[in-house]
Amino acid sequence: VYLMRKMIDIDFGSSRYNELVELRYKILLEPLGLKFLDSFRNKEANYLHIGCVEQLDDKLVGGLILAPLDNEKIRLMQVAVDTVYRGEGIGRELVKYAEKRAKEAGYSKIIMHAMLSVVGFYEKLGYHAEGDVFDEQGITFLKMVKDL
């Protein structure tokens with residue numbers, strides 16, 4: 001059964017924000033043995049927080065954050081989709097919505113550090129690699145960019 005979903009902006013510090021932090025931790029950090037440090041929360045106050053919600057039961061099934069770098073560039077970070085909902089296009093819809101929101105906010109370029117396993121996913125969405133692969137906390141990434 002296909003359930004209707006909606007993309008939402010999430011207010012920093014709200015209960016929905018706490019759900020998004022939990023989801024990002026469960027999907028992205030925990031499998032790598034990394035902790036979510038509460039000290040990071042303050043850094044996220046001026047980020048755009050975006051979620052994907054099941055309209056039927058109001059469950060948060062995916063999310064991401066956009067971190068402003070300067071007046072033109074914003075960084076797409078921590079795209080997470082609940083494992084139960086993988087392969088249903090939620091990640092793609094989240095990224096497209098994030099691009100729309102970034103453009104509305106006046107940014108002209110999105111930058112991201114993609115794990116090598118998801119480079120193909122972002123290439124299909126129009127991102128291209130810039131520079132060489134690099135390591136961060138033992139994980140290999142590729143910087144990818146897209147003009148909005």
Side-chain angles (χ1 to χ4, degrees), residues 1-38 40-41 43-45 47-69 73-105 107 109-148:
V1 178
Y2 176 75
L3 299 172
M4 291 299 295
R5 301 189 174 107
K6 64 181 175 186
M7 298 299 152
I8 58 166
D9 293 353
I10 295 174
D11 293 326
F12 174 76
S14 65
S15 59
R16 189 63 96 184
Y17 169 77
N18 292 330
E19 280 181 68
L20 180 56
V21 168
E22 279 300 308
L23 180 69
R24 285 164 35 206
Y25 171 72
K26 186 179 93 175
I27 300 300
L28 303 170
L29 301 176
E30 195 176 40
L32 303 172
L34 300 173
K35 299 260 184 284
F36 180 86
L37 303 174
D38 280 326
F40 287 149
R41 283 183 193 252
K43 288 182 189 162
E44 294 188 359
Y47 293 0
L48 287 172
H49 304 270
I50 291 170
C52 176
V53 176
E54 287 284 5
Q55 298 202 100
L56 193 66
D57 58 6
D58 200 41
K59 177 178 164 48
L60 183 74
V61 297
L64 56 79
I65 49 182
L66 286 169
L69 297 173
K73 296 188 288 287
I74 196 162
R75 184 171 167 197
L76 179 70
M77 297 171 61
Q78 300 210 351
V79 179
V81 174
D82 192 317
T83 46
V84 177
Y85 299 89
R86 290 256 171 90
E88 296 181 22
I90 294 171
R92 184 179 60 244
E93 293 307 311
L94 275 166
V95 172
K96 284 182 178 171
Y97 181 78
E99 290 169 359
K100 179 173 119 13
R101 292 291 290 114
K103 200 171 182 172
E104 288 168 358
Y107 295 95
K109 185 178 271 200
I110 289 192
I111 293 173
M112 57 145 17
H113 296 166
M115 286 194 287
L116 293 187
S117 58
V118 294
V119 165
F121 169 79
Y122 289 104
E123 284 175 339
K124 284 184 196 144
L125 292 173
Y127 289 78
H128 63 272
E130 199 171 85
D132 298 320
V133 294
F134 62 95
D135 273 20
E136 225 172 66
Q137 294 182 309
I139 305 151
T140 308
F141 291 95
L142 190 58
K143 180 180 175 184
M144 299 190 81
V145 298
K146 181 176 184 177
D147 292 323
L148 296 174

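Sequence positions, counted from 1, serve as the residue numbers for this chain. Atom set for the values below is all heavy atoms of this structure, side chains included, hydrogens, waters and symmetry mates excluded.
Between E99 and K146, at least one side-chain nitrogen of the basic residue sits less than 4.0 Å from a carboxylate oxygen of the acidic one, meeting the salt-bridge criterion. Here E104 pairs with K100 in a salt bridge; the nearest charged N to carboxylate O distance falls below 4.0 Å.
Taken to the nearest 0.5 Å, the CG atom of L69 stands 5.5 Å off from the CD1 atom of I111. Put simply, CE on M115 and CZ on F121 are 12.0 Å apart, with the number rounded to the nearest 0.5 Å. To the nearest 0.5 Å, atoms NE2 (H113) and OG1 (T140) are separated by 13.5 Å. Interatomic distance, M4 CE to L56 CG, rounded to the nearest 0.5 Å: 11.0 Å. One distance of note links CG of L66 with CE of M77; it measures 10.0 Å at 0.5 Å rounding. Separation of atoms CD (Q78) and CG (L23) is listed at 10.0 Å; rounding is to 0.5 Å.
Shown here for A102 and I110, the closest heavy-atom pair between the two residues is CB-CD1, 4.2 Å. When every heavy atom of L142 is checked against every heavy atom of G131, the shortest pair comes out as CD1-O, 3.8 Å. Y47 and K43 make their closest contact through CE1-O, 3.2 Å (heavy atoms, listed as atom of the first residue, atom of the second, distance). Across every non-hydrogen atom of A98 and L76, the tightest pair is CB-CD1, 4.1 Å. For the residue pair A114 and Y122, the shortest heavy atom distance occurs at CB-CD1, 4.1 Å. Of all non-hydrogen atoms in L64 and V95, the two that sit nearest each other are CD2-N, 4.1 Å.
No option in E44, E30, E19 other than E44 meets the salt bridge (Lys or Arg N to Asp or Glu O under 4.0 Å) test with R24.
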- Item | Verdict with reasoning, R16 to I8, per side-chain contact (heavy atoms from CB on, under 4.5 Å) | CA-CA 10 Å; R16 189 63 96 184; I8 58 166; 3.9 Å; yes
- Working for side-chain contact (heavy atoms from CB on, under 4.5 Å), residues V79 and V118: CA-CA 11 Å; V79 179; V118 294; over 6 Å; no
- Would you please test L60 and E22 for side-chain contact (heavy atoms from CB on, under 4.5 Å) and show each step? CA-CA 10 Å; L60 183 74; E22 279 300 308; over 6 Å; no
- Item | side-chain contact (heavy atoms from CB on, under 4.5 Å) evaluation trace for I27 with R86 | CA-CA 11 Å; I27 300 300; R86 290 256 171 90; 3.1 Å; yes
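L94 has its side chain within reach of I90: a pair of non-hydrogen atoms, C-beta onward, lies under 4.5 Å apart. R5 places none of its side-chain heavy atoms less than 4.5 Å from the side chain of V53. In this structure the side chain of D9 reaches within 4.5 angstrom of the side chain of Y97, judged on heavy atoms.
For D147, the CG atom is densely surrounded, since the number of other residues' heavy atoms within 6.0 Å is greater than 12.
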